[in-house]
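What follows is a short report on a single structure.
Chain letters run A, B, ... following the sequence lines, proteins first, then strands; residues in each count from 1. All values derive from a computational prediction rather than experimental measurement.
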2 protein chains.
Amino acid sequence: MPEKDDGLCQQICDHPEVVDVVRQSMPQDGAQEELAQLFKVLGDQTRVKILNALCRSELCVCDLVSVLGMNQSAVSHQLRVLRDTRIVRSRKQGKNVLYSLDDRHIAELIRIGFEHVQEGRR
Amino acid sequence: MPEKDDGLCQQICDHPEVVDVVRQSMPQDGAQEELAQLFKVLGDQTRVKILNALCRSELCVCDLVSVLGMNQSAVSHQLRVLRDTRIVRSRKQGKNVLYSLDDRHIAELIRIGFEHVQEGRR
DNA sequence: TTATCGTATGAACAGGTGATCATATGTAGG
DNA sequence: CCTACATATGATCACCTGTTCATACGATAA
């Protein structure tokens, strides 16, 4: 019995047009690698905490150390990672270095991310 | 010379009110950990590629293997990670398993992420 | 200058991660 | 039943990551 209805997927596998369309509309490898790199840097609890703090106020390193309750060295190392990825920016003021979010996208990614995880808690 | 103007940060460090406000308005540790976990899962090139493909169409595993040009085992392993994190969902159809994005947040995170990395290319 | 404070950095080590290989499970057809 | 196909899973291993410790750098004040 030729129950053809059984599968979009059969058709895709047998007639790979859809696969071809998807493959050809995929972003370039380089862009996808950069995107993965961005998310990878966001994907660490210490860095998430730093960014959440910077969402609220520009802060110097010792402030972040105080807020996070962590080793100064650990915070500095992570700030370097965030700076190198252009997720935060820094400016000097006297002995201190003040950090802030680099651009509006970062706060938005965090906001949407929270929306997603909070929906999951239902 | 009491040049008091030299620093917001001095004031913050000496008078930790701002730090306290920030600390008290921080999300709970659990929520931040979940957020970091979400980004961590998004922060891998193979998984980013899978999600970009699923942004375009619901696809079965063999389609994804074809689009990504990767080992079936590697793809299945990553799909499991994505499923466990509720980033994708799956449904069975005959011999195949069709995967799709779990909810609208995922596509939006990818879109905003791309916006950010593309601004960086200027 | 010297001392001190704020920050950055290098080394080292433990723990985690992703690809591969081999194999298992499950489903449909003959 | 047996076979073929689609997918999932466990083990292994090379590689990467985050924290800590020690220390260096740079700016300010005495």
Listed partners of B:Q45 passing side chain to side chain donor-acceptor pair (under 3.5 Å), at least two apart: none
Whole-Å gap separating C1' (C:dT7) and CD1 (A:I50): 13 Å
Nearest-nucleotide comparison on DNA chain D, the residue closer to the 5′ end among A:K92 and B:S76: B:S76
Below 3.5 Å is the cut-off: list the nitrogen or oxygen pairs between protein and nucleotides 18-20 of chain D, distance only.
residue	atom	partner	partner atom	Å
D:dG18	OP1	A:R47	NH1	3.3
D:dG18	OP1	A:R47	NH2	2.6
D:dG18	OP2	A:R47	NH1	3.3
D:dT19	OP1	A:T46	OG1	2.6
D:dT19	OP2	A:Q78	NE2	2.9
D:dT20	O4	A:H77	NE2	3.3

Spacing between A:D84 atom CG and C:dA8 atom P, to the nearest angstrom: 11 Å
Rounded distance in Å - CD (B:Q45) to P (C:dG18): 12 Å
Five-pair end axes of the helix from C:dT1-D:dA30 to C:dG30-D:dC1, angle between them (10°): 20°
Distance, rounded to the nearest Å, where B:L42 contributes CG and C:dG18 contributes P: 12 Å
Protein-nucleotide distance (A:R80, atom CZ; C:dT7, atom C1'), rounded to Å: 13 Å
Residues in side chain to side chain donor-acceptor pair (under 3.5 Å) contact with B:D44, at least two apart in sequence or another chain: none
d(NZ, A:K95; C1', C:dG6) in whole Å: 7 Å
Side chains of A:S100 and A:R89, donor plus acceptor under 3.5 Å: no
In residues 65-72 of chain B, what donor-acceptor pairs under 3.5 Å come from side-chain atoms, sequence neighbours left out?
residue	atom	partner	partner atom	Å
B:S66	OG	A:R23	NH2	2.9
B:N71	OD1	B:S73	N	2.8
B:Q72	NE2	B:S76	OG	3.1

Interatomic distance, A:Q93 CD vs C:dG6 P [rounded to whole Å]: 14 Å
ring-ring contact (aromatic ring centres under 6.0 Å, His included) partners of residues 57-107 of chain A, not counting sequence neighbours, each pair once: A:H105-B:H116
B:Q72 (side chain) and D:dA8 (base): donor-acceptor pair under 3.5 Å: yes
Nearest-angstrom distance from the residue atom CG of B:N96 to P of D:dC5: 13 Å
